[in-house]
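This chain uses plain numbering: 1 for the first residue, then up along the sequence. From a predicted model like this one, the values you see are computed outputs, not experimental measurements.
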Amino acid sequence: MAPAPAHWDLAVVGAGPAGAAAALGALHADPHLRVLLLDRADFPRDKACGDGVAPHVLDLLAEVGATGLVEDRVPVGRLRIGRGGLAAERRTARPAWVVPRRILDARLVDAALAAGARFRRHRVRELRRRAGAVVLDGEIPAAVVVGADGAHSAVRRALGRPRGPSALALRGYAPVTPGRRGAQVIEFGTRHQPSYAWSFDRGDGHANVGYGEVLHTGRPAPTRAQLLERLEALLPGAAEDGRDWTGHHLPLSTARWRPPAGRVLLAGDAAGLVNPLTGEGIYYAVATGIAAGRAAAAARREGRPERAGEWYARATRRILLPHLRHTALAARLARGRLVLAAGLRASAADQRVFDDLVELGLARGRLTPAVAFGLGRALLTPDRTTGRSREPA
């Protein structure tokens, strides 16, 4: 193996989907870049997540040469969304996959290494700016750094960027129950709002199951026992014989997201990018990771690595900003039970509404005219089961 460079073109802190995608984006733009992936763990390793991989994620990865990641997995073509007795279940326009992060992340790291990145097990604790470089822990200099180190990002803290709203979730693996086979199931809570439980069939007899809720100032965070109790209340039997339970924080996106300028970029959870409607974060991680890697390559090519943040802001503005405004608005609307019930009824009645809401929750969709019309019609039309324009009690 060739000796490590004394100075890296790009150092990526965190080798999950955002970090591996950053390495792939940079090396696809310029295969000669010296790219270092840093992570505190060796791979494969577990990571708390819902494990759902939308087809849009695979589209992005294919653009930077990472293919064949889910060929041995079982596609999931049905999605059921419910709350308090109302439900909408349909086939999705394109299937998703449920891939444990132990598998997915290791495959993405392998793809980054095959593209030319180097990997080092190292937990980054300190970041300092020096003339012409950013230095990690006093020993790893790089022209550009991408912080992709998750919800508790050391890179974000070093930049002095505050954390925004967050949720707490508990995830485990359990035998899939018969009524939830072949589907991704999301059941929104009727208490402790906003909250929901999920069961995502992996296709091997087990499901990724869990429960999460948004944390509120002045309200104690739920305990593990309470999270399990609320999961069972929303999806009876889902957690039976469950194992590998682990909790995690989800930093939720807002309409006011702005990337940092300069040589240090943030991607994925480290950037506070988790969909506030669905808790989905892998699409954001991969999209912003690739954009950060490409920005680093463009700034290096220009001979102005300090302009990486400008390139990144330009790309992410186009990719995410309108979408984030729409998800923030939709999340506020969904806190009202009447609107959420209307959305479920509209999705059950109209495939277009269902598809557009899936896009909003899993990728970069927006609140479309079809969604607005469907919500309005559902709010104004009496519910057939109750005679009122509201969900049943």
Side-chain angles (χ1 to χ4, degrees), residues 46-52 79-87 98 100-102 150-153 163-177 179-180 183-202 206-254 269 272-282 327 330-341 344 361 391-393:
D46 188 26
K47 195 74 172 179
C49 181
D51 294 346
L79 174 65
R80 181 160 79 242
I81 309 171
R83 181 182 184 272
L86 285 174
V98 182
R101 292 284 298 277
R102 177 181 291 275
H152 304 289
S153 171
R163 286 183 61 179
S166 65
L168 179 65
L170 182 71
R171 179 230 71 189
Y173 294 103
V176 63
T177 55
R180 302 176 187 123
Q184 290 184 293
V185 179
I186 294 175
E187 181 72 18
F188 287 98
T190 56
R191 301 173 59 203
H192 313 291
Q193 292 283 53
S195 64
Y196 72 84
W198 73 85
S199 172
F200 296 166
D201 187 2
R202 300 192 320 197
H206 285 77
N208 179 309
V209 298
Y211 169 87
E213 64 181 58
V214 174
L215 298 176
H216 296 274
T217 302
R219 190 170 82 188
T223 65
R224 174 181 168 132
Q226 288 173 325
L227 292 171
L228 281 169
E229 178 185 333
R230 293 166 192 177
L231 166 59
E232 177 64 22
L234 291 175
L235 292 177
E240 187 173 346
D241 296 325
R243 57 179 175 79
D244 296 333
W245 296 103
T246 181
H248 59 293
H249 284 88
L250 294 83
L252 304 176
S253 65
T254 71
D269 283 15
L273 290 173
V274 172
N275 192 301
L277 281 172
T278 60
E280 202 285 336
I282 294 180
T327 55
R332 288 197 299 272
L333 292 173
R335 292 177 184 175
R337 65 186 185 91
L338 293 181
V339 175
L340 183 54
L344 291 172
E391 68 180 3

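- In this structure, CD1 in Ile81 is found 12.5 Å from CG in Leu86, a value given to the nearest 0.5 Å.
- Across every non-hydrogen atom of Gly52 and Ile282, the tightest pair is O-CD1, 3.7 Å.
- In this structure, the side chains of Phe200 and Ile186 come closer than 4.5 Å at one or more pairs of heavy atoms.
- In this structure, Leu168 CG and His249 NE2 are separated by 5.0 Å, a value rounded to the nearest 0.5 Å.
- You'll find the side chain of Glu240 stays beyond 4.5 Å of the side chain of Glu232, heavy atoms only.
- Between Pro100 and Asn208 the shortest side-chain heavy-atom distance does not fall below 4.5 Å.
- Across all their heavy atoms, Gly212 and Trp198 have their closest contact at N-CZ3, 4.0 Å.
- The two residues Ala48 and Thr246 have their closest heavy-atom pair at CB-CG2, 3.5 Å.
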One pair to check against side-chain contact (heavy atoms from CB on, under 4.5 Å): Val98 and Gln184. What are the steps and the verdict? CA-CA 9 Å; Val98 182; Gln184 290 184 293; 4.1 Å; yes

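- Classification of Arg171 and Asp46 as a salt-bridged pair holds, one side-chain N sitting under 4.0 Å from a carboxylate O.
- Nearest heavy-atom pair, Arg83 versus Thr190, reported as atom, atom and distance to 0.1 Å: NH2-CA, 3.5 Å.
- Under the 4.0 Å criterion applied to side-chain N and carboxylate O atoms, Glu213 and Arg191 are not assigned as salt-bridge partners.
- Between Leu231 and Ala197, the shortest heavy-atom contact is CD1-CB, 3.7 Å.
- Gln226 places no side-chain N or O within donor-acceptor distance of the main-chain N or O of Leu228, the cut-off being under 3.5 Å.
- Between the SG atom in Cys49 and the NE2 atom in His248 there is a gap of 6.5 Å [rounded to 0.5 Å].
- Contact check for Leu340 versus Phe188: side-chain heavy atoms found under the 4.5 Å cut-off.
- The OG1 atom of Thr327 sits 11.5 Å away from atom CD of Glu280, with the distance rounded to the nearest 0.5 Å.
- Here Leu277 contributes atom CG and Arg332 contributes atom CZ; the two are 11.0 Å apart, rounded to the nearest 0.5 Å.
- Taken from OG in Ser166 to CG in Leu250, the straight-line distance is 8.5 Å, to the nearest 0.5 Å.
- Val274 has its side chain within reach of Asp269: a pair of non-hydrogen atoms, C-beta onward, lies under 4.5 Å apart.
- Side-chain atoms of Arg80 never come within 3.5 Å of backbone atoms of Glu187 as a donor-acceptor pair (strictly under, hydrogens ignored).
- Counting all heavy atoms, side chain and backbone alike, Ser195 lies closest to Tyr211 at CB-OH, 3.3 Å.
- At a threshold of 4.5 Å between non-hydrogen side-chain atoms, the residues Asn275 and Ser253 do not count as touching.
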Checking side-chain contact (heavy atoms from CB on, under 4.5 Å) for the pair Val209/Leu235: CA distance, chi angles, key distance, verdict? CA-CA 9 Å; Val209 298; Leu235 292 177; over 6 Å; no

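- Residues Tyr173 and Asp241 have side chains that never bring a donor and an acceptor to within less than 3.5 angstrom of each other.
- Between Arg335 and Gln193 the shortest side-chain heavy-atom distance does not fall below 4.5 Å.
- Under the 4.5 Å side-chain criterion, counting only non-hydrogen atoms from C-beta, Arg180 is not in contact with Asp201.
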